[in-house]
Amino acid sequence: MKIITVKDNIEGGKVAFDLIKEEMAKGNVTTLGLATGSTPETLYQEMTASDLDFSQMNSVNLDEYVGLEKSNDQSYDYFMKKHLFEKKPFKHNYLPDGMATDGVAECQRYDEIIAANPIDIQILGIGENAHIGFNEPGSSFEGMTSEVQLTESTIEANSRNFTKKEDVPTRAYSMGIKSIMQAKQIILLAYGPKKAQAIYNTVKGEMTEDVPASALQNHPNVTIIVDEAAASLLN
Ligand code: GLP
């Protein structure tokens with residue numbers, strides 16, 4: 001794992017953007033794996049402000065809340081359109097469908113999409129409990145797309161974006177850790193003191209399903225971009 005420490009999320013967004021740009025210049029990016037949450041916002045700002053053309057590229061997102069319409073401003077579909085896709089059109093943007101009536105069929109459909117669109121670079125944020133996508137502690141490293149029950153700590157953390165905690169969906173569709181690990185390159189971003197323990201456990205801790213992001217220790221091409229606060233327990 002390569003660790004890059006940056007001053008703040010602005011610089012982190014620039015560093016991540018440069019890594020993507022470099023691979024795009026080599027013709028290496030057909031499919032970009034994307035993430036939601038506040039962490040990748042500065043990367044998406046760099047992408048939208050750039051003169052890069054994404055219209056021949058596909059994107060595959062990590063996850064979506066179950067039960068939210070695309071038009072709901074808390075859905076990840078809405079988030080991606082607002083922060084990136086409306087400003088930078090892609091060839092095709094794939095996300096799980098939070099309103100799918102058959103959850104099993106939806107997970108299968110999404111796995112087929114991932115298989116048909118091998119991810120060249122996967123962007124990741126990280127939860128305070130080291131979840132990636134919505135793969136909560138205890139998720140299998142061999143897991144494919146599944147419908148997951150969110151933990152209390154994730155619901156609590158994500159409630160800051162909702163009017164009240166009761167509005168936070170308790171379930172989500174998430175790409176599995178196995179699919180994340182199949183991405184050719186992974187860029188994980190983490191900022192702020194609340195991510196310090198998760199980053200420590202991911203980088204220096206034991207590789208265990210209790211720490212979903214620790215699976216990345218086995219990936220050959222991972223860059224972790226952290227600010228000083230998120231990196232504070234590493235040295
Ligand atoms: C959600 C998303 C994750 C994201 C995490 C952290 O749970 N499913 O992909 O990494 O939130 O969010 P933030 O970047 O806002 O801290």
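For ligands, and for the atoms within them, numbers begin at 1 and follow the listed sequence.
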Please check if atom CD in E228 has more than 12 non-hydrogen atoms from other residues, nucleotides or ligands closer than 6.0 Å. no
With a 6.0 Å cut-off on the ring centroids, do Y110 and Y94 count as close? no
Ring-plane angle category for Y76 and Y65, please: parallel below 30°, perpendicular beyond 60°, tilted otherwise. tilted
Please give the N or O to N or O pairs under 3.5 Å between ligand 1 and the protein, distances rounded to 0.1 Å.
unit_1	atom_1	unit_2	atom_2	d
ligand 1	7 (O)	H131	NE2	2.8
ligand 1	7 (O)	N158	ND2	3.4
ligand 1	8 (N)	D63	OD2	2.8
ligand 1	8 (N)	G133	O	3.1
ligand 1	10 (O)	I126	N	3.2
ligand 1	14 (O)	S38	N	3.3
ligand 1	14 (O)	T39	N	3.0
ligand 1	14 (O)	T39	OG1	2.5
ligand 1	15 (O)	S38	N	2.8
ligand 1	15 (O)	S38	OG	2.8
ligand 1	15 (O)	R160	NH2	2.7
ligand 1	16 (O)	K195	NZ	2.7

Show me the donor-acceptor pairs, under 3.5 Å and distance only, between side chains in residues 14-24 and residues at least two apart or in other chains.
unit_1	atom_1	unit_2	atom_2	d
K14	NZ	E46	OE2	3.3
E23	OE1	N28	ND2	2.8
E23	OE2	K26	NZ	3.0

Look at the aromatic rings of F79 and H83 and report parallel, tilted or perpendicular, splitting at 30° and 60°. tilted
Residues D53 and S55: side-chain donor-acceptor under 3.5 angstrom: yes
